[in-house]
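Below you'll find the structure, written out as structure tokens, and then a few comments.
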Amino acid sequence: MSDTETPPFRYTAALAGDIELRWQAFWAENGTFHAPNPAGDLADPTHPRAGAPKLHVQDMFPYPSGAGLHVGHPLGYIGTDSYTRYKRMTGYNVLHPMGFDAFGLPAEQYAVQTGTHPAVTTAANVDRYRQQLRRLGLAYDERRSFSTTDPDYYRWTQWIFLQVFNSWFDPSVQKARPISELIASFESGERGPEWAAASATERRRIIDGYRLAYVSEAPVNWCPGLGTVLANEEVTPEGRSERGNFPVFQRSLKQWMMRITAYGDRLVEDLDSLDWPEPVKLMQRNWIGRSRGAHVDFSTESDKITVFTTRPDTLFGATYMVLAPEHDLVDRIVPQAWPAGTKDVWTGGAGTPAEAVAAYRAAAAAKTEEERTADGKVKTGVFTGAYATNPVNGADVPVFIADYVLAGYGTGAIMAVPAQDERDWAFAEVFELPIIRTVQAPEGFEGAFTGDGVAINSDWLDGKGVAEAKAAMITWLEENGKGTGATTYRLRDWLFSRQRYWGEPFPIVYDETGLPIALPESMLPVVLPDTDDFSPRTFDPDDADTEPETPLSRKKDWVQVELDLGDGLKTYTRETNTMPQWAGSCWYELRYLDPKNDKALVDPDNEAYWMGPRSEGDPGGVDLYVGGVEHAVLHLLYSRFWHKVLFDLGHVSSFEPFKKLFNQGYIQAYAFRDARGMIVPADEAVERDGKWFVGDQEVYREYGKMGKGLKNVVTPDDMCEQYGADTFRVYEMAMGPLDVSRPWETRAVVGSQRFLQRAWRLVVDEETGGVRVTDEPLDPKSRKVLHKVIAGVREDMDELRFNTAIAKLIELTNTLTPLSTVSREAIEPLVLMMSPFAPHMAEELWGKLGHEGTLAYADFPVADPAQLVADAITYPVQVNGKVRGRVEVSPDTPEAEVREQALAAVAEVIADRTPKKVIVVPGRLVSVVI
RNA sequence: GUCCCCGUAGACCAACCGGCAGAGUCGAUGGACUCAAAAUCCAUUCAGUGUGGGUUCGAAUCCCACCGGGGACACCA
């Protein structure tokens, strides 16, 4: 291409780049996108939006990787940027911040690989991300940006940890309360006499048992390959680590936990107050897994076995019991020899119950999780030799162990009711156990009946429906001391410690008792000590018998610390675990509100303004939160939990962090393999006659994530270089609805560039650079189009339908293009409406149209209702569903008149037949039935 | 296996509460400009809505079944 032949003032990538860098500098210098707070340092009563209605829109912040952004990453950011620019122009005080989630495993692993300190690589990555985002013209209030690794930020992460540590959950009010209130209640003696008799250390231990953050020795997910323990949420159903895909083993280790289970009910129930996609709500409900039912006690000769059941109404049909193989009671109930009546299939061929149990346990332990849960697998198990007594009818039922009962759920023991449970049915068939129906199944029904029906074979329950029978049975159990109503959760407490370096240190020390002591707020932040020795101790991924070792524990001079915590100067030992990656992202939405506040996490006035509830029942929270569906459980559950704790303790007025959630789609890309199956660079593939070639070699197309592995990465930098940021933004927004995933196609980007070029040309003469716009009024027909487009664009913007909004803007541009004069009446609204998507070009044109400064606070165009009324309506006239004619009438024509004209228009088709029915749909069509 | 979402021109996507299947983009074809090409501009092209039923005056839209794609859950008592 020769520059001399391109018109000198054409909107090319080079010109776009020039305009874009200029406006980005302007916005930064003038603080154009600073949002005023009601209180504190960021308050600004002179700001055009001070005191205006607020709108808090947020993206899930990125984890800055070494690879930088590809074109898929900013999709949501551009969406929220366009949306918030629009809302700002309609009068809102918009908060649209961006930060960086920079602690965590990947940064540390990258650092280990490269031998560079994670602080260095993280800072470099954050820097690069900032540059890339700035280049796209994203309108962030940069004063509110932070990384979770900033000590000023994680000081407050640690502060929240202290709040959690210094609280307990009071079930009587279903909320967290300060631990001091619990201590006071113990000291008053209202919680029994043990307190008075307890030593100081014992008292601490008692209290520690109530805290929302606590240390416990419990089975946890130990991942030798990563050298750390993991939360349940971080382990895949296959029993491997979500990150790195290493084997995970159950080990009993001493770890920090957070009592998220206390919030199970509220985490389920408050979902109803949220405007979230249903699938995400469902995933959270599934994960929490609340079930209501009863604990029922079955007695054996020596012990009592408590089971959890959701179907206490079927107790009369319980014909055997099953314990998880690991259940504590198994060894105690196993008798010396098989009792009389033991069937052969029950013994697994073993000579004694003890041998059978041992053999079964060994076999179960050797199985992988996949084998254990394999679809359609036959039930296995073995008789323990013991019998228990069904509390409702005194029947003796055999007790089995089987791996279909999980140790970690409920009590690890079940009563088996084969007639009403498919799993129990399958087991009963294998082990020849009796099946007694206790719910009337439909005629001819085979198998376990889990539906609703009338109780049968159940003595005093007979005739009751399932719900009624459940309630009656729970009452009976409680009155007879055989059980209680109970609710269980699949959700486990949150394993909160990691044996890694790159995370927030705990604000915790230990004294000689080995019990944890919270550091006072005045000692925050506990700064992560610098070290060259940051590599975690990892192990052979398959070696379960290894012990985690925290990198911080090697830093002896840091671990041993002299402090005065009220008892004079003493030596303490620091906690050497660090917090999990989720900690920093659990509350960042709050810090954006008041990022510089060093007195409080967030000033209450600022929190109430940006996130407070607006009406009764309103949970408050971020008005719009946009991000990928992959955070449906982990991040969104943890942050809801922390938010509720902060709410209970009075630090925030909203009881949910994110009122509306929107899941954006993904941009994926084609990748190509040659005949040998090797990936070839996607940008070298050329299409010919429906086939793809690199040179003369045919290659084969597939579809997947954009990434190095598939050699199909396209970066925003490439796009800015080739087309400019505005073109890139318009393309991403125009290619489809924000929530739909779609393939990237670089060659289609030119369409968006052409659109911007046409719009540019409406204002600027490509040869002279002069402004072509006149003050002559627009012709009436185009005016109608203009107002129709304004009305449509507003509607689309409000609903986040950016693709259709852009289509309307293109339509308007295409309407104006052939006109001989370019009227200001049309151009100014067009420029304003384009500005959310192509802000740099719009600013530039706005200036050329004679305006000073930025258009960021200009009023978004409003449609004139008078212009939205059509001059004439053309009614298609259908006869028996087929269009047979048309009539054109003025919009205010009465229905009867339309009907008459329509019938006249199709008189020939109707001929001498009599219409059975004539339907006039006002403004739409006329349908004649003959 | 169960549940959820989605199938519309060659590709990406529109079509509001059931009312004439097309707003926009790419591609393709033709033309203008050019010595030529690129870029740009103008014009044209193309589906009857995954399949089969049903409801309705009228179905892409609602209902049922099936096919295809994507996602979630998968012994949670």
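Values reported hereafter were calculated over all heavy atoms of this structure, with side chains retained and with hydrogens, waters and symmetry mates removed. All chains are named by letter (A, B, ...) in the order of the sequence lines, taking the proteins before the strands, and each is independently numbered beginning at 1.
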**Fill in**
Sorted by chain and residue number, the side-chain contact (heavy atoms from CB on, under 4.5 Å) partners of Asp765(A) (sequence neighbours excluded) come out as Glu767(A), Thr768(A), Arg772(A)
**With sequence neighbours excluded, residues passing side-chain contact (heavy atoms from CB on, under 4.5 Å) with Ala791(A)** = Ala863(A), Leu868(A)
**Message:** Phe308(A): which residues meet the ring pair (Phe, Tyr, Trp, His ring centres under 6.0 Å) condition with it, sequence neighbours left out?
**Reply:** His295(A)
**Message:** Checking Tyr11(A) now: which residues fulfil ring pair (Phe, Tyr, Trp, His ring centres under 6.0 Å) with it, not counting sequence neighbours?
**Reply:** Trp760(A)
**Prompt:** Pick one for G48(B): is it syn, with its angle within 90° of 0, or anti?
**Reply:** syn
Suppose you measure atom [atom1] in [N] against the same atom in [M]; what distance do you get, rounded to whole Å?
| N | M | atom1 | value |
| --- | --- | --- | --- |
| C16(B) | G52(B) | P | 24 Å |
| C5(B) | U45(B) | P | 38 Å |
| G1(B) | C63(B) | P | 24 Å |
| G68(B) | C62(B) | P | 22 Å |
| U51(B) | A60(B) | P | 11 Å |

**Asked** Backbone N or O of Ala632(A) within a donor-acceptor pair of the Gln284(A) side chain at under 3.5 Å?
**Response** yes
From the list [options], which nucleotide is the closest neighbour of the side chain of [X]?
| X | options | result |
| --- | --- | --- |
| Arg758(A) | C73(B), U25(B), C12(B) | U25(B) |
| Thr804(A) | A14(B), G24(B), A77(B) | A14(B) |
| Val405(A) | A77(B), C12(B), U25(B) | A77(B) |
| Ala807(A) | A77(B), C13(B), G24(B) | G24(B) |
| Tyr409(A) | C42(B), A77(B), C75(B) | A77(B) |

**Prompt:** Does the side chain of Lys808(A) get closer than 4.0 angstrom to OP1 or OP2 of A23(B) through an N or O atom?
**Reply:** no
Within the 4.0 Å heavy-atom criterion, would you say [X] contacts the bases, only the backbone, or no part of the nucleic acid?
| X | value |
| --- | --- |
| Arg761(A) | sugar-phosphate |
| Val740(A) | sugar-phosphate |
| Arg490(A) | base |
| Asp424(A) | nothing |
| Pro818(A) | nothing |

**Request:** Kindly indicate whether a cation-pi arrangement holds for Lys379(A) with Tyr404(A), taking the cut-offs as under 6.0 Å to the six-membered ring centre and within 45° of the axis.
**Result:** yes
**Glu795(A)/Lys808(A) salt bridge by N-O under 4.0 Å criterion** = no
**Request:** Return the set of residues passing salt bridge (Lys or Arg N to Asp or Glu O under 4.0 Å) with Glu766(A) (not counting sequence neighbours), or none when no residue passes.
**Result:** Arg10(A), Arg761(A)
Summary of salt bridge (Lys or Arg N to Asp or Glu O under 4.0 Å) pairs that have at least one residue in [range], sequence neighbours excluded:
| range | answer |
| --- | --- |
| residues 308-318 of chain A | Arg311(A)-Asp313(A) |
| residues 734-746 of chain A | Glu745(A)-Arg747(A) |
| residues 917-930 of chain A | none |

**Complete:** Symbol by symbol from the 5' end, with Watson-Crick or G-U pairs under 3.5 Å, [ ] crossing and | another strand, RNA chain B is (((((((..((((.....[..).))).(((((.......))))).....(((((..]....))))))))))))....
Nucleotide N/O to protein N/O under 3.5 Å, stretch nucleotides 16-21 of chain B:
{"from": "C20(B)", "atom 1": "O2", "to": "Arg886(A)", "atom 2": "NH1", "distance (Å)": "2.5"}
{"from": "C20(B)", "atom 1": "O2", "to": "Arg886(A)", "atom 2": "NH2", "distance (Å)": "2.9"}
{"from": "C20(B)", "atom 1": "N3", "to": "Arg886(A)", "atom 2": "NH1", "distance (Å)": "2.9"}

**Request:** Please state whether the base of C75(B) and the side chain of Lys379(A) form at least one donor-acceptor pair under 3.5 Å?
**Result:** yes
**Asked** Rounded to the Å, how far apart are Lys788(A) NZ and A15(B) C1'?
**Response** 13 Å
Every protein N/O lying under 3.5 Å from an N/O of nucleotides 26-31 of chain B:
{"from": "C26(B)", "atom 1": "OP1", "to": "Arg754(A)", "atom 2": "NH1", "distance (Å)": "2.5"}

**Asked** Taking only residues two or more places apart in sequence or in another chain, which ones pass side chain to side chain donor-acceptor pair (under 3.5 Å) with Arg290(A)?
**Response** Asp265(A), Glu269(A)
**Request:** Flag the pair Ile810(A) / Arg758(A) as yes when at least one side-chain heavy-atom distance between them is below 4.5 Å, and no otherwise.
**Result:** yes
